[in-house]
Amino acid sequence: MELLCFSSDSLRLLDPNSLNSCKSLSSLKQTHAVLLKSPEPKPLIPNLIAAYGRFGDLGSAISAFGHYPDDPNAFLFNSLIQSHNLNSLFLTSIHLYIKMLGSNIQPNQYTFPLLFKACSLSSELSGGAQIHGQVVKLGYVRNPFVAVAVMDMYMKSGQSFDAEKVFDGMGEKDGVAWNAMVTGLVQSGRAEEALEVFERMRREGVGVGCVAVASVVAACSQLRVLHQGKWIHAFVVRSGFSADTVISTALLDMYANCGDLGLANQIFGEMHTKDLIAWNCLVSCYAQYGSVENAFKLFIDMQNSKLKPNGSSLSGILPAVARFGSLHHTKSCHCFILRNGLESDEFVITALMDTYAKSGDLSTAHNLFDGMPKKSVVAWSAIISGYGTHGCCNEALSLFDKMLETNIKPNHVTYVGLLSACVHSGFVDKGREYFKRMIYEHGITPQAQHFTCMVDLLSRAGLFDEAMDLINVMPIEPPAEIWGALLGGCKIHQNVELGDTSHPNSCEIYHKIEELLDDIGKLGYVPQIKAVLQNVEEDMKENALKGHSEKLAMAYGLLRTKPGMPIRIMKNLRSCEDCHAFMKYVSKITLREIVVRDTVRFHHIKDGTCRCGDYW
DNA sequence: ATAGGGTTAG
């Protein structure tokens with residue numbers, strides 16, 4: 001009976017599937033034990049090594065590899081490299097390759113795709129190029145698997161033009177090669193060219209796979225070309241891809257990015273399986289383009305449908321929290337992140353940091369930034385713009401220098417942060433200088449936001465001719481905001497609000513305001529009536545000023561918080577001069593630190609002065 | 001026997 005069992009096991013083991021299909025590490029170890037008793041275990045050792053790799057047990061993989069010290073071969077090395085790749089130990093994979101060459105074992109066509117993956121995922125770009133050279137010398141570029149792997153490595157490392165050369169040099173291009181090309185172009189930001197390659201594929205009758213279709217939809221999303229996106233949507237329906245979850249998700253993202261949240265929502269509603277990615281995508285669409293309330297609601301609906309938020313869910317919802325601007329909500333998200341072990345996700349921490357800065361807590365933002373092991377250009381841009389909006393232009397500029405020292409290349413977002421920092425502090429010369437550096441040193445074409453910053457900066461400084469000259473040379477249609485910036489520079493304040501008495505504590509609040517006005521009047525505060533529009537009756541002006549929302553909020557804050565606590569106020573319009581002066585006096589007499597967020601920046605007011613230096 | 005392409009998020 002015993003013997004019968006044994007012989008049937010060893011028969012089964014002739015098939016590598018018995019190793020590949022093990023469902024758990026313990027069943028793999030059992031199979032391993034059986035394998036060792038079989039008469040010819042050796043041919044299956046590579047499969048065993050790879051299987052250990054899949055379960056993350058590198059120790060067992062290595063010891064299985066060491067079982068045949070006299071006779072290593074390429075297959076054995078390939079499996080060991082693969083198991084290191086599977087565990088993200090890419091540098092070890094590359095070292096194993098060097099060891100392989102040192103043991104005089106010729107790599108084969110299976111070795112190279114593994115190595116290119118290791119190089120691209122570990123950013124060992126020079127190593128990748130070297131191995132590419134060896135591949136050419138050995139003639140393996142003619143193998144389509146190897147060629148696509150080289151191509152993919154160049155695409156993923158931002159060298160899309162080198163990838164293109166490899167693609168053009170391929171004799172026979174199969175579907176995977178074409179699809180990899182389209183996908184790579186989209187990921188390299190060459191969306192127009194991706195759409196051209198897609199057209200060529202259709203003309204030449206290359207089967208367009210679902211992967212490439214998803215990528216061209218993403219290309220339309222990047223380019224925000226609704227018309228072409230709709231055409232490809234029709235193609236999706238015609239080609240029978242409508243039920244594909246990945247393509248549907250790409251379509252919903254495309255419609256959202258093109259500004260059609262209705263169609264995005266419709267696609268989502270029609271999806272058969274709504275996976276976490278689809279939910280995340282919809283949440284982030286609403287967080288960016290829709291109402292903050294809807295984004296929060298969707299985030300809760302997602303959890304009600306039994307899906308557990310992951311890192312992407314958090315980086316999707318955080319922009320909504322940032323728009324909302326409440327420090328309380330930001331802290332809740334932070335707790336959620338810690339409770340769910342998402343604090344090592346680089347994207348999550350970047351989004352959280354940005355949200356802290358936008359909720360007024362710059363020091364927590366900076367601590368998070370300092371703690372990041374890898375600081376991407378997005379992280380740098382976020383902290384720079386954080387310092388800018390908090391009125392610390394010098395810090396923003398010196399962070400930019402540090403960023404360049406660490407060899408991170410700025411992008412157009414970084415420059416929006418820098419230029420707006422200059423705007424908030426009135427650094428006209430610096431602004432002009434950085435605008436030039438953006439174009440000539442970093443080769444970035446200025447976009448609407450950059451022009452708007454410059455016009456804002458110049459007109460606030462009274463340089464209206466220079467501002468108009470800039471508007472006249474703009475190669476793009478001036479956006480509406482640019483005229484706002486120009487007018488804003490004229491210091492025409494139009495933020496009159498009615499005195500609002502709907503609050504249940506309104507009597508108490510107005511009483512507090514009167515009390516404060518009384519106290520600060522003794523210190524020299526005079527209501528700045530010119531801050532009110534001209535068509536208001538003289539005697540009404542002073543009353544109108546009392547009802548400005550930040551004064552109401554200030555009084556409420558004083559009534560409801562403990563002495564000495566900082567008061568944070570958010571405002572949906574720009575602060576007026578009178579309120580600003582009021583805040584400065586109040587900070588002095590109450591010994592409070594006051595942080596006011598208006599539409600464009602933060603005011604940090606303490607002991608009678610504001611960090612903005614009265615320039616905003 | 002082992003190897004190549006995918007959607008979202010700052």
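Every heavy atom of this structure was used, including side-chain atoms; hydrogens, water molecules and symmetry mates were not. So that the names make sense, note that chain A is the first sequence line, chain B the second, and so on, each numbered from 1.
For Phe347(A), the side-chain atoms get nearest to dA9(B) when compared with the rest of dG6(B), dA3(B), dA9(B). Closest to the side chain of Ala250(A), from the set dT7(B), dA9(B), dA3(B), is dT7(B). Checking dA9(B), dG6(B), dA3(B) against every side-chain atom of Val246(A), the shortest atom distance belongs to dG6(B). In the set dG10(B), dG6(B), dA3(B), dG6(B) carries the atom at the smallest distance from any side-chain atom of Val211(A). Comparing dG4(B), dG6(B), dG10(B) by their nearest atom to the side chain of Phe145(A) picks out dG4(B). Distance from the side chain of Asp244(A) is smallest to dG6(B) among dG10(B), dT2(B), dG6(B). Listed candidates were dT2(B), dA3(B), dT7(B). Nearest to the side chain of Asn143(A) is dA3(B).
By the salt bridge (Lys or Arg N to Asp or Glu O under 4.0 Å) test, Asp244(A) pairs with no residue at all, sequence neighbours left out.
Looking at heavy-atom distances under 4.0 Å, Asn280(A) makes contact with a base. Within 4.0 Å of Cys285(A), counting heavy atoms only, lies no atom of the nucleic acid at all. Looking at heavy-atom distances under 4.0 Å, Lys173(A) makes no contact with the nucleic acid at all. Within the nucleic acid shown, Ser284(A) comes within 4.0 Å of sugar-phosphate atoms alone, with no base atom in reach, counting heavy atoms only. Across all strands shown, Ala351(A) has heavy atoms under 4.0 Å from sugar-phosphate atoms exclusively, and none from any base.
The distance from atom CG of Leu368(A) to atom C1' of dG10(B) is 13 Å, rounded to the nearest whole Å. Distance, Asp253(A) CG to dT8(B) P: 5 Å, rounded to whole Å. Between the CG atom of Leu80(A) and the P atom of dA3(B) there is a distance of 14 Å, given to the nearest Å. Rounded to an integer number of Å, the gap from Leu114(A) CG to dG4(B) P is 6 Å. Atom OH of Tyr154(A) is separated from atom P of dG5(B) by 16 Å (rounded to the nearest Å). Taking atom CG of residue Leu86(A) and atom C1' of nucleotide dA3(B), one finds them 12 Å apart after rounding to whole Å. Rounded to whole Å, atom P of dT8(B) lies 18 Å from atom OH of Tyr286(A). Straight-line distance from the CE atom of Met151(A) to the C1' atom of dA3(B): 15 Å, rounded to whole Å.
Because its NZ or CZ atom is not both nearer than 6.0 Å to the ring centre of Phe90(A) and within 45° of the ring axis, Lys117(A) does not count as a cation-pi partner of that residue. Cation-pi geometry between Arg203(A) and Trp178(A) is not met at under 6.0 angstrom from the ring centre and within 45 degrees of the axis. A cation-pi arrangement is present between Arg190(A) and Phe161(A), with the terminal nitrogen or guanidinium carbon under 6.0 Å from the aromatic centre and inside a 45° cone about the axis.
For Asp174(A) and dG4(B), a side-chain-to-base donor-acceptor distance below 3.5 Å is present, hydrogens and geometry of angles not being considered. Side-chain N/O atoms of Ser381(A) and base N/O atoms of dG10(B) include no donor-acceptor pair closer than 3.5 Å.
Within the 4.0 Å cut-off from OP1 or OP2 of dA3(B), not a single side-chain nitrogen or oxygen of Lys117(A) is found. At dT8(B), none of the side-chain N or O atoms of Lys274(A) fall inside 4.0 Å of OP1 or OP2 (strictly under the cut-off). Of the side-chain N and O atoms in Lys156(A), one or more sit less than 4.0 angstrom from OP1 or OP2 of dG6(B). Remark: Gln187(A) is in phosphate contact with dG6(B), judged by side-chain N or O atoms under 4.0 Å from OP1 or OP2.
In this structure a side-chain-to-backbone donor-acceptor pair under 3.5 Å is present from Lys375(A) to Met372(A).
Looking only at atom types and distance, the side chain of Tyr255(A) has no donor-acceptor partner in the side chain of Asn265(A) under 3.5 Å away.
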